[in-house]
Structures are given as structure tokens and as C-alpha cells.
Amino acid sequence: MHTFKENSASGSAVVKTLQASSQAVIRLVISDKNWLETSAVDQLKKTAELPGMRCVVGMPDLHPGKGQPIGAAFITHGHIYPHLVGSDIGCGMGLWKLNVSKRQVKLDKWEKRLVDLDDPWKEGDRDKWLMDAGVVTKDNALKSENLKLGTIGGGNHFAEIQQVNEIFDPVVLSGLGLDKHAVVFLAHSGSRGLGQKILRRYVDVHGGQSLISKADVNGAHSNGQRVISQYLQQQDYAIRWAVANRDLIAERFCQRLRVKKSALLDVSHNSVTALDRASLEALGLKHTDTERYWIHRKGASPTDQGLVMIPGSRGSLSYLVRPRISDIQSLAAGGFSLAHGAGRKWKRSECRGRLQGRYRVRDLEVTEMGSRVICQQRDLLYQEAPQAYKNISTVIDDLIQAGMMDVIASFKPIITYKTRRK
DNA sequence: ATGTTC
């Protein structure tokens, strides 16, 4: 059991400082009523020991990952760690408004129309789609990944048709053109094999080591500046590729459903970016010209990109939220990041054993909310069952209590698409 | 998370 010291500076009982001394501050935006695995905290502490690390913050959806935890923000000075961003560079949430109302959705008919969406997009030119989106590269090895553009992928990725459930801020919601009858499309996907290829290039050479941005560093990392700008350039390409990917996923679904879409937001939760001066000041850090401060987000949404969609598990509500930019001190205490979802509670490997005695495949294909889940992979269906995830309302509550955001509206799933591949 | 593979 851990004992936490309250962070009196932030004035919040949710934000807890685990470690304030030594080189890096460790904080958790996690209340006592939230589920938290010890191994995730151990992983967080381990990353705090990396050279150049200044601040690590666990989000309310923090859970263990492969070496480093998922649902966290990592602030470094002078160092970039590609492996902290992970292989799915640019993974995130895209949200669109559909030009239909909830009563126009015919469940059976729509479900039947959602076919041939796992294979590469053949109805159009993938390279042209990227070109039109301004996503171009001369790197032929990266171009070869374009085959998968417009596909969702596996794991926790999904596409979901949702309806408005509850409205908390009618003014902001109507500003988006949404009312209580609105239907939206949410895509959670990333850069597929592209991000993995980019990460591999750096891990093969540097392992878990950082790329050092220090301009005048000597010795082994004297080419650090060049390596770091290469990584950032490739990362930027992967992020923009992932945005175009989510847009094509939405386009393919809309063509099947014979509806029109209009974009509402697209926010990535896996990336590394430089911290701006105002953020540094809020953290009490000094701005320097020779070395930058970097924020790595792994399963954490940024608070400086406007509205954010935080989905629950499949079969629970998703929340459209607005970061409280007027309270920069609370945002700083929370690592300028929000949760990216509910967060796993159980390991993938243990879900089937825990659930298959109580739930049959048919029980999981229709959720307690009455929504449909299209997932023809039995193991994945169990791995992604709502029971395998934390309670999203606790995650949302923790972020509100931390003073970091306000909820605009909640959304209820109608159809979740995972895969038709057996 | 992904692509490849026993």
C-alpha cells in the first residue's frame, strides 16, 4: 500500500505528490476511489529516474504498459525519449457530426452495411488521399505503410456511432452544431505500422536511451541535434498520417451508411512536443535558449488543443470535455494533460478466463446500454469487455475535481465496430 | 499496437 502526501499547492485532494525531492517530481491525478495498480506506479517511478526527467504525472486512467506506464505525461529537460511515446505515434480520437438524428438510425440496417472495412481501401487512391491532406514524404520505407491507411487496427482501437446522452454545457454544444438529437462518429486509431517503423529506427540504434537536444554536447551524441530533428520530423509525419487515417476511416464508414460528416475535433494522445513559455512559467521552470523542455504524452490528451473526447469502454459513456485553460496552475499540476480513456483494469491475457464463465459471446455483443459491438474475434471481445476497464465516470470525476476540465456533454454508444475478421 | 509467424 502506498501513502500519499497531499499536494497543498494545487489545493486539490485528487492531485497527489508521490515524490517532490530528487531530480523529478512525481504526481498522480488519481483519487482514492479510483482503481490503481501498484505496478503502474512502479513503472511511473522508474521513468522518473531517466536522465533529464523533471516531472512525471499519472492520469486517472494510468495502467501498466510494456516497460513504461500508459496514461501519463513526462516532462524532460534537453532529452527526448521516443520509447516513451511508443510505437503508435499519433494515436488519438477523431470526432465527426453526422447529418442524421438519433431516430433516423436503424440499428439492424446500419449494422449490416458495415462490411469490408478491415481490408485496405480500394475504392479510392490512398496516396492521393494523403497528398490532399498535405501528408507527403520522400522516405520510401515510410511510404510503404500507406497500404493500411483507412483501417482501424486492433487492440483498443475502434470506430463508434454515438448519440448525445446528457448535456452539461448547451452553449458550447450548440456552438458545435449539436443538440440532443445529434449523432456523432468517433474514431480511435493511430499510425498503424508507420509509427512502429519510425520508433524501431531509433530503438535499434539508441535502445531506451534519449535523444539529446543539447546543441553543444560533445562525444557520442555530437550528432544529437540532427538525430533529434529527424525524429521530430518523422513523428510529425506520423501524427499527420494518423489524422488522415482517422479521416479516411470516417469517410469509409459514412459511405457505407450513406450519410455525410462534418469534422468536430481530432486530438492525438501519443506524442512529444516542446513546452511553451507560459507552461514553463506555470511549472516554475526557467526558459532556456540552449535546451528545451519536452512533454511526452503516452495515452494522455493535451490541454492546449481545444475540446477533447474521452471515451469510456465499449458499452459505456464517452465524455466531450473542455480543458479549463483559465486555471493554468491546475493544468500544470496535472501535467497539461487529460486521461485518454477509461484505462485497463485487467491484463488482456486474463480477461477471457475471468469472464467466459459469466458471459457468452452473445452477451458481450449487445451491451447493457443496448448498443451493438461488432467484433468477430472472440479473444478481443473479452479483452475489450467493459468489465476489463476502469469506471469512466470515476476517471472523469477525478479530472473535474483536479480543476482541469469541464464536461460539455456525454455520449452513448449505438454501434461499436472493432473487426469483422475472424 | 503491430506484423509476422509456430
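Chain letters run A, B, ... following the sequence lines, proteins first, then strands; residues in each count from 1. These numbers come from a predicted model, not from an experiment.
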### Message
So, does A/K148 get its side chain near the phosphate of B/dG3, meaning an N or O under 4.0 Å from OP1 or OP2?
### Response
yes
Provide, to the nearest angstrom, the distance between the [atom1] atom belonging to [X] and the [atom2] atom belonging to [N].
| X | N | atom1 | atom2 | result |
| --- | --- | --- | --- | --- |
| A/Q377 | B/dG3 | CD | C1' | 13 Å |
| A/D118 | B/dT2 | CG | P | 12 Å |
| A/I198 | B/dG3 | CD1 | P | 13 Å |
| A/K418 | B/dT2 | NZ | C1' | 14 Å |
| A/K66 | B/dG3 | NZ | C1' | 12 Å |
| A/N146 | B/dT2 | CG | P | 16 Å |
| A/E145 | B/dG3 | CD | C1' | 9 Å |
| A/I152 | B/dT2 | CD1 | C1' | 15 Å |

#### Entry: A/F158 ring center within less than 6.0 Å of A/Y417 ring center
no
### Task
Have a look at A/R200 and say if it touches a base, only the backbone sugar-phosphate, or nothing, with a 4.0 Å heavy-atom cut-off.
nothing
### Query
Could you give the distance from NZ (A/K390) to CG (A/N34), rounded to the nearest 0.5 Å?
4.5 Å
### Query
Can you say whether the rings of A/Y81 and A/H296 are parallel (under 30°), tilted (30 to 60°) or perpendicular (over 60°)?
tilted
#### Entry: cation_pi(A/R297, A/F74) dist<6.0 Å, angle<=45
no
